[in-house]
Amino acid sequence: MNRSVALPIEAALPDLRCALAEHRNVVLQAPPGAGKSTGVPLALLPERWRGDARIVMLEPRRLAARAVATRMAQTLGEPVGRTVGFRTRLETKVTKDTRIEVVTEGILTRWLQRDPTLEGVALVIFDEFHERSLNADLGLALCLDAQETVREDLRLLVMSATLDGAAVAKLLGDAPIVTAEGRAFPVTTHYRERLDVRSARPQYEDMAQIVARTISRAIEDEPGDVLAFLPGQGEIRRAQRFLEETSLPPGVRVLPLFGELAPHEQDAAIQPSRSGERKIVLATNIAETSLTIEGVRIVVDSGQERRSRFDPVTGMSRLELGNISRASADQRRGRAGRIQAGVCYRLWSEVEHSSLPAQTAPEIVGADLAPLALELTNWGIADPGALRWLDPPPSATFAQARDLLRSLDAIAADGRVTEHGRALARMSTHPRLAHMIVRGTEMGLRTTSLQIAAVLGERDLLRTQGQDRNVDLRFRVEALRGERSLPAGVSIDQGAKQRALRSIDLLARQLEQPRHDNTKLGDFDVGRLLALAYPDRIAQSRGAGGRYLLSNGRGAQLPPAQSLSQAAFLVVADLDAGDREAMIRLAAPLTRELLEADFASHIEHRERFEWDSREQSVAAQDERWFGALKLYERRIDKPDPARMLDAMLAGVRELGLAALPWTKPARALQTRLIFAKRFDERAPAPWPDVSDTALMEHLDDWLAPWLTDMSRRDHLARLDLHGILMSLLDWNAQQRLETFAPTHLPVPSGSRIPIDYTEESPTVAVRLQEVFGMHETPTVAEGRVPLTLQLLSPAHRPVQVTRDLVSFWARGYLDVKKELKGRYPKHYWPDDPLTAQATARAKPRPR
DNA sequence: CTCTCCCT
């Protein structure tokens with residue numbers, strides 16, 4: 001147990017032992033390099049409270065679980081699996097002698113679901129808790145619940161590097177906080193303002209270019225290897241090009257590092273440089289926690305990262321580029337001070353730094369919560385509020401997750417877990433995929449469904465170089481089965497394949513044995529099975545260009561040059577939701593026939609009656625829908641008249657009243673009725689409101705009866721609007737209208753002049769000569785409304801307007817006569833118009 | 001021109 005150099009954690013161990021002897025729950029705060037992961041479990045092994053029970057320590061990653069267990073075993077001078085063992089989903093080294101068990105975080109959840117008392121476990125240690133992984137948060141919530149209900153003596157130790165310990169200590173019931181020093185060398189921090197004040201810079205510069213320039217300056221100014229953090233592969237490739245264009249000192253190599261890189265390429269970046277050589281590692285977040293790069297003295301930090309964010313509305317995730325947190329920046333900087341004093345270049349200013357979030361948002365805030373919701377439901381909890389959380393699961397996402405579980409038949413109508421849901425919870429895969437495996441097994445497609453789940457559990461089974469990546473999932477399933485020869489530039493990731501095969505074994509053991517299994521792969525088996533897992537991502541071609549519509553209503557697009565783009569239907573296993581259209585990353589083809597057969601109970605039959613604006617007619621169609629996808633449509637030969645009528649009315653509503661065949665008499669009748677309604681004071685008034693507004697509002701009442709058998713705009717020409725309006729009046733009202741608002745005014749010449757009711761005051765336009773002998777101003781509305789007389793010349797030119805004929809004759813007439821006599825000398829212009837003979841003749845009477 | 005990790 002002796003080490004040549006004492007770990008910094010040693011100093012804190014007495015306090016930690018004390019705290020754990022007296023309290024069930026304790027928080028240990030220690031920076032990276034303190035040696036807590038290996039030091040703490042070993043130090044607690046002899047404690048009295050342990051008895052003969054195990055200490056369990058959670059690690060966020062399999063690699064870490066194995067490495068930490070190995071180091072502890074070495075310290076004891078034992079092989080792994082004796083006193084110290086580890087357990088991950090895919091690999092286990094544990095015996096009956098094991099008293100310290102290092103496990104990945106998901107394993108604990110599995111244990112708790114099987115045995116909430118966690119029998120045989122004295123202490124659970126949450127290592128790297130500051131990373132706030134979903135599984136660690138869930139594990140802690142379940143442990144606290146178990147502690148409250150069935151395991152009062154269970155001890156919990158939360159270890160954290162950068163996390164503010166106070167919040168978690170409070171969550172643990174005012175647990176004591178023990179702190180330890182780290183062992184890190186000082187790192188000098190340069191902010192961007194100090195680097196770049198010299199030159200005026202353009203407004204925008206490629207991040208990759210700025211990183212490259214900072215690196216080439218740093219490598220001149222400082223000794224040692226460089227680790228640069230960039231948000232993604234694209235930026236890494238660009239920075240690499242920029243660096244290779246500049247003249248780097250001899251012996252300096254540029255090495256990219258990201259998750260999709262082949263293992264031997266990752267190793268090249270991780271291993272220490274040979275003597276006399278230096279390296280520049282361009283890395284994603286993978287180098288922040290998962291991998292440690294040997295020999296780094298200089299860190300260049302872009303300050304950005306890509307993060308996955310789940311959208312509960314669409315049920316899809318998207319990658320977002322954003323600023324890192326201060327905690328993350330410190331973690332990245334710490335990578336420069338592991339073996340000696342180092343230097344860190346931050347490509348942002350000190351002012352910007354203070355505005356960054358202190359901590360990275362915990363995973364639970366932005367993740368798909370379907371797995372968590374299934375765990376909680378299986379735990380017997382429908383509302384996460386029943387448990388204690390640092391950050392509770394966001395309610396919208398949790399609700400979406402419960403909806404999904406309901407659609408997978410995992411939750412019953414009463415909100416509790418179903419037998420099927422229990423089966424899904426027993427499986428070590430996403431509930432969607434577990435559902436696919438269980439139902440697929442029932443369909444006789446067990447092997448294929450297991451293979452799909454295993455392939456989807458890996459980032460990508462295939463490595464593609466120098467060409468467009470083929471997104472067909474069948475391609476990968478066939479490769480896993482060894483049934484496909486791969487084209488040049490495409491190879492199997494052997495590590496991924498081995499993990500996939502282990503996964504299949506594991507999942508198969510979690511299943512009931514099938515009655516029969518079809519091991520041969522049919523063309524559409526993958527698509528059919530995938531549809532069980534992702535019914536919301538079944539996609540229908542929109543025609544050309546690899547563009548599809550998903551059953552959840554969103555658009556999605558295939559990358560260029562995909563053989564799948566010929567498929568009428570796809571099921572999408574993986575996609576990035578993007579800003580506008582989602583990009584399909586993995587999919588398999590399906591047919592309409594299979595979709596309709598497998599999802600018969602989810603297909604919606606609709607008889608659709610709608611006004612088609614483009615065709616200007618009613619569309620009466622028989623349709624079959626799956627979510628947002630229209631699978632089938634046919635014109636209905638004998639449509640239901642009532643629904644036809646509704647659609648026709650909708651059409652008129654859209655077209656407006658102007659689309660109706662208004663004749664002059666019809667419009668005139670409308671204005672007379674409006675006039676009558678306005679001026680008739682007799683009660684009860686028999687007049688309907690036929691203003692344009694009222695007609696539009698009440699189309700169903702007055703127009704509908706006349707629209708039977710009509711289905712297009714043309715048909716409206718058949719309407720007799722005058723007759724229709726007249727039919728709104730009973731016989732008495734029709735009679736009364738004739739006297740109250742007559743159509744015409746008889747004048748002394750014998751003519752009948754039409755009365756225009758559209759103006760504010762009803763008007764007749766009549767030649768002056770026709771009203772000689774008319775003593776009084778004519779009226780309508782039973783004498784209450786005088787008509788406006790527009791008096792015209794023989795040539796129908798307006799001469800005078802008056803609402804008072806008596807005073808016109810008395811005063812205005814003389815002037816008018818004089819003028820008209822000048823222009824129309826042959827006409828008859830009497831001195832006394834009241835006794836003169838009116839005439840309707842256009843030509844002057846012969847003298 | 002798309003991060004990373006994980007599940008008896």
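All chains are named by letter (A, B, ...) in the order of the sequence lines, taking the proteins before the strands, and each is independently numbered beginning at 1. Since we're looking at a predicted model, the values are computed, not measured.
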- Task: For the pair A:Trp348 and A:His353, name the ring-plane relationship: parallel under 30°, tilted 30 to 60°, perpendicular over 60°.
- Result: parallel
- Message: What verdict does the side-chain contact (heavy atoms from CB on, under 4.5 Å) test give for A:Asn135 and A:Thr104, after you've listed the backbone C-alpha separation in whole Å, the side-chain angles of each residue and the deciding distance to 0.1 Å?
- Response: CA-CA 9 Å; A:Asn135 282 324; A:Thr104 38; over 6 Å; no
- Query: Side-chain contact, heavy-atom cut-off 4.5 Å: A:Thr397 with A:Asp368?
  - Reply: no
- Message: When you compare the side chains of A:Ser37 and A:Asp127, does any donor N or O come within less than 3.5 Å of an acceptor on the partner?
- Response: yes
- Residue pair A:Arg89 / A:Ser503, side-chain donor-acceptor N/O under 3.5 Å: yes
- Message: One character per nucleotide, please: for nucleotides 1-8 of chain B, 5' to 3', B when the base has a protein heavy atom closer than 4.0 Å, S when only the sugar-phosphate does, - otherwise.
- Response: -BBBSSBB
